[in-house]
Undergrad: 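The following block contains the structure, expressed as C-alpha cells.
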Amino acid sequence: MAEREKGPKFRQVVLDCTDARALAEFYRRLLVWDYRPGDEAGDDKDWLVLRNPDGGAQLAFQQVDRLPEASWPDAEPVPQQLHLDLTVDSVEELEEQHARVLELGGRLRYDRSEDPEEPLRVYADPAGHPFCVFVA
C-alpha cells in the first residue's frame with residue numbers, strides 16, 4: 001500500500017462577528033459544547049473557542065468591527081461564503097432542534113423539512129452566518 005501524503009490537521013472553523021461572546025454563547029448552547037479553559041469568563045474577549053466534546057474540529061469566534069450579513073438564499077448583495085452543516089438522526093429531532101434554534105435567537109432562512117430524501121432547514125445565527133440542520 002502506498003504511503004499517504006501528510007497534510008496539515010484541520011483544527012477549527014472561525015466565525016467573524018461583532019459580538020464574539022454573544023455568538024459563542026449561541027453556539028455553546030445550541031451544540032452543548034464547552035469553552036476552552038480560560039474562555040468561560042464573562043469578560044469581553046475578541047477571540048473565543050468552543051471545544052468539540054467528541055474531539056473533532058472546534059468552533060472559534062473572532063471579534064470584528066463590522067460584518068455584513070449574508071443574504072442567502074439571494075445571491076445579492078452578500079453571497080453565502082461559508083456555512084456550517086449540523087445533523088440530526090430523525091425528522092422528530094429536526095423539529096426539536098428547530099424550536100431550540102429559534103429560542104436561542106437563530107432565524108429560519110429556508111425550509112425544506114418536508115423533503116423525503118433530505119429534510120433540512122437553513123438558519124441564520126444571530127450574526128447572520130448561515131447554517132443548516134438536516135437529517136443524515
Side-chain angles (χ1 to χ4, degrees):
M1 176 186 259
E3 188 173 323
R4 183 175 175 193
E5 184 177 356
K6 185 175 181 179
K9 293 181 181 177
F10 184 77
R11 174 130 182 138
Q12 62 197 5
V13 172
V14 180
L15 296 176
D16 286 352
C17 46
T18 58
D19 188 340
R21 178 63 65 189
L23 193 59
E25 272 299 298
F26 171 82
Y27 281 105
R28 184 191 66 78
R29 292 177 64 203
L30 179 64
L31 299 172
V32 193
W33 287 10
D34 293 321
Y35 288 106
R36 74 176 170 183
D39 284 353
E40 20 343 57
D43 42 341
D44 294 328
K45 292 188 175 188
D46 60 1
W47 181 266
L48 299 166
V49 178
L50 292 176
R51 295 254 169 104
N52 183 335
D54 298 324
Q58 303 176 137
L59 193 54
F61 306 88
Q62 176 174 273
Q63 186 82 23
V64 297
D65 291 333
R66 70 179 195 81
L67 180 72
E69 182 174 331
S71 55
W72 190 93
D74 301 323
E76 298 297 329
V78 182
Q80 168 183 241
Q81 296 179 20
L82 171 137
H83 72 272
L84 302 175
D85 278 346
L86 309 175
T87 62
V88 294
D89 294 328
S90 67
V91 172
E92 294 77 23
E93 191 176 355
L94 181 65
E95 294 305 317
E96 291 170 15
Q97 294 305 321
H98 174 67
R100 286 189 67 236
V101 168
L102 298 179
E103 178 184 310
L104 293 170
R107 293 167 283 139
L108 182 64
R109 297 294 301 263
Y110 179 72
D111 189 341
R112 203 176 80 193
S113 58
E114 300 295 323
D115 185 319
E117 292 183 31
E118 186 180 53
L120 70 84
R121 289 191 175 103
V122 180
Y123 301 91
D125 67 23
H129 302 102
F131 68 95
C132 298
V133 180
F134 62 95
V135 178

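For this chain, numbers begin at 1 and follow the sequence in order.
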Undergrad: Check whether any side-chain heavy atom of L86 sits under 4.5 Å from a side-chain heavy atom of L31, and report yes or no.
TA: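 Yes. Closest side-chain heavy atoms under 4.5 Å.
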Undergrad: Rounded to the nearest 0.5 Å, what separation is found between the CG atom of D19 and the CD atom of Q63?
TA: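 D19 atom CG to Q63 atom CD measures 6.0 Å (nearest 0.5 Å).
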Undergrad: Can you check whether G128's main-chain N or O pairs, donor with acceptor, with R109's side chain at less than 3.5 Å?
TA: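 Not at all, since once roles are kept as given, no pair shorter than 3.5 Å links the two residues.
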Undergrad: For A57 versus F10, what's the shortest heavy-atom pair and its separation?
TA: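 Nearest pair, atom of A57 first, then F10: CB-CE2, 3.3 Å.
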Undergrad: Measure from NZ or CZ of R36 to the centre of the six-membered ring of F61 and say whether it is under 6.0 Å with the direction within 45° of the ring axis.
TA: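 Not satisfied by the 6.0 Å and 45° rule.
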Undergrad: Treating Q58 as the side-chain partner and Q12 as the backbone partner, does any N or O pair qualify as donor plus acceptor under 3.5 Å?
TA: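 No, because the side chain of Q58 does not come within donor-acceptor range (under 3.5 Å) of the backbone of Q12.
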Undergrad: Taking atom NE2 of H129 and atom CG of D16, what is their separation to the nearest 0.5 Å?
TA: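 If we round to the nearest 0.5 Å, H129:NE2 and D16:CG are 6.0 Å apart.
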Undergrad: Any salt bridge between R28 and E25, counting N to O under 4.0 Å?
TA: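 Judged by the 4.0 Å cut-off on N to carboxylate O distance, R28 and E25 do form a salt bridge.
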Undergrad: Could you tell me if the side chain of R51 sits less than 4.5 Å from the side chain of D34, heavy atoms only?
TA: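 Result no, sub-4.5 Å side-chain heavy-atom pair not found.
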Undergrad: Can you tell if the side chain of V14 reaches within under 4.5 Å of the side chain of W47, non-hydrogen atoms only?
TA: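 Yes, at least one pair of side-chain atoms sits under 4.5 Å.
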Undergrad: Are there more than 12 heavy atoms of other residues, nucleotides or ligands under 6.0 Å from atom CZ of R29?
TA: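 Count not over threshold, so no.
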Undergrad: Any donor and acceptor pair, going by atom type alone, linking the side chain of S71 with main-chain N or O of V78 inside 3.5 Å?
TA: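 Side chain of S71 to backbone of V78: a pair is present.
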Undergrad: Any side-chain to backbone donor/acceptor pair from R112 onto E118? Under 3.5 Å, distance only.
TA: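 Yes, the answer is positive, given that a donor and an acceptor are paired below the 3.5 Å cut-off.
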Undergrad: Do L67 and L84 share a hydrophobic cluster, counting only Ile, Leu, Val, Met, Phe, Trp and Tyr and linking them when any side-chain heavy atoms are less than 4.5 Å apart?
TA: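 The answer is no; the residues belong to distinct hydrophobic clusters.
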Undergrad: F131 and V32: same hydrophobic cluster, using ILVMFWY side-chain contacts below 4.5 Å?
TA: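 F131 does not cluster with V32.
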Undergrad: Any side-chain heavy-atom pair from V101 and R121 closer than 4.5 angstrom?
TA: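 Not in contact.
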Undergrad: Can you say whether the rings of Y123 and H98 are parallel (under 30°), tilted (30 to 60°) or perpendicular (over 60°)?
TA: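 The rings of Y123 and H98 sit tilted, inter-plane angle from 30° to 60°.
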Undergrad: According to a hydrophobic-cluster definition based on side-chain heavy atoms being under 4.5 Å apart (Ile, Leu, Val, Met, Phe, Trp, Tyr only), do Y35 and V49 belong together?
TA: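 No; tracing contacts between hydrophobic side chains, which count when under 4.5 Å, never links both residues.
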Undergrad: Rounded to the nearest 0.5 Å, what's the gap from CG on L120 to CG on L94? Could you check?
TA: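 The distance works out to 8.0 Å.
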Undergrad: Just wondering, do E95 and E92 contact through their side chains at under 4.5 Å, heavy atoms?
TA: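 No, side chains not in contact.
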Undergrad: Kindly compute the distance separating CG (L23) from CD (Q62), expressed to the nearest 0.5 Å.
TA: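 So the CG of L23 and the CD of Q62 are separated by 12.0 Å.
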Undergrad: Quick check: closest heavy atoms across P126 and G105, and the distance to 0.1 Å?
TA: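 Heavy atoms only, the tightest pair is CG-O, 3.9 Å.
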Undergrad: Write down the atom of L30, the atom of Q97, and the distance for their closest heavy-atom approach.
TA: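 In terms of heavy atoms, the two residues are closest at CD1-OE1, 4.2 Å.
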Undergrad: Does the D111 side chain pair with the main chain of S113, one donor and one acceptor, at a distance under 3.5 Å?
TA: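 Yes; judged by distance alone, with no hydrogens or angles, the pair exists.
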Undergrad: Tell me whether W33 shares a hydrophobic cluster with F26, the cluster being built from Ile, Leu, Val, Met, Phe, Trp, Tyr side chains joined at under 4.5 Å.
TA: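 Looking at the clustering, F26 is in the same group as W33.
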Undergrad: In terms of hydrophobic clusters joined by side-chain contacts under 4.5 Å, are V13 and V64 together?
TA: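 No, V13 and V64 fall in different hydrophobic clusters.
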Undergrad: CG/L50 to OH/Y27 distance, rounded to the nearest 0.5 angstrom?
TA: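 Going from CG on L50 over to OH on Y27, the span is 10.5 Å.
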Undergrad: Closer than 3.5 angstrom, by distance alone: can the side chain of R107 be matched with the main-chain N or O of D125 as a donor-acceptor pair?
TA: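 The answer is yes, because a donor-acceptor pair under 3.5 Å joins these two groups.
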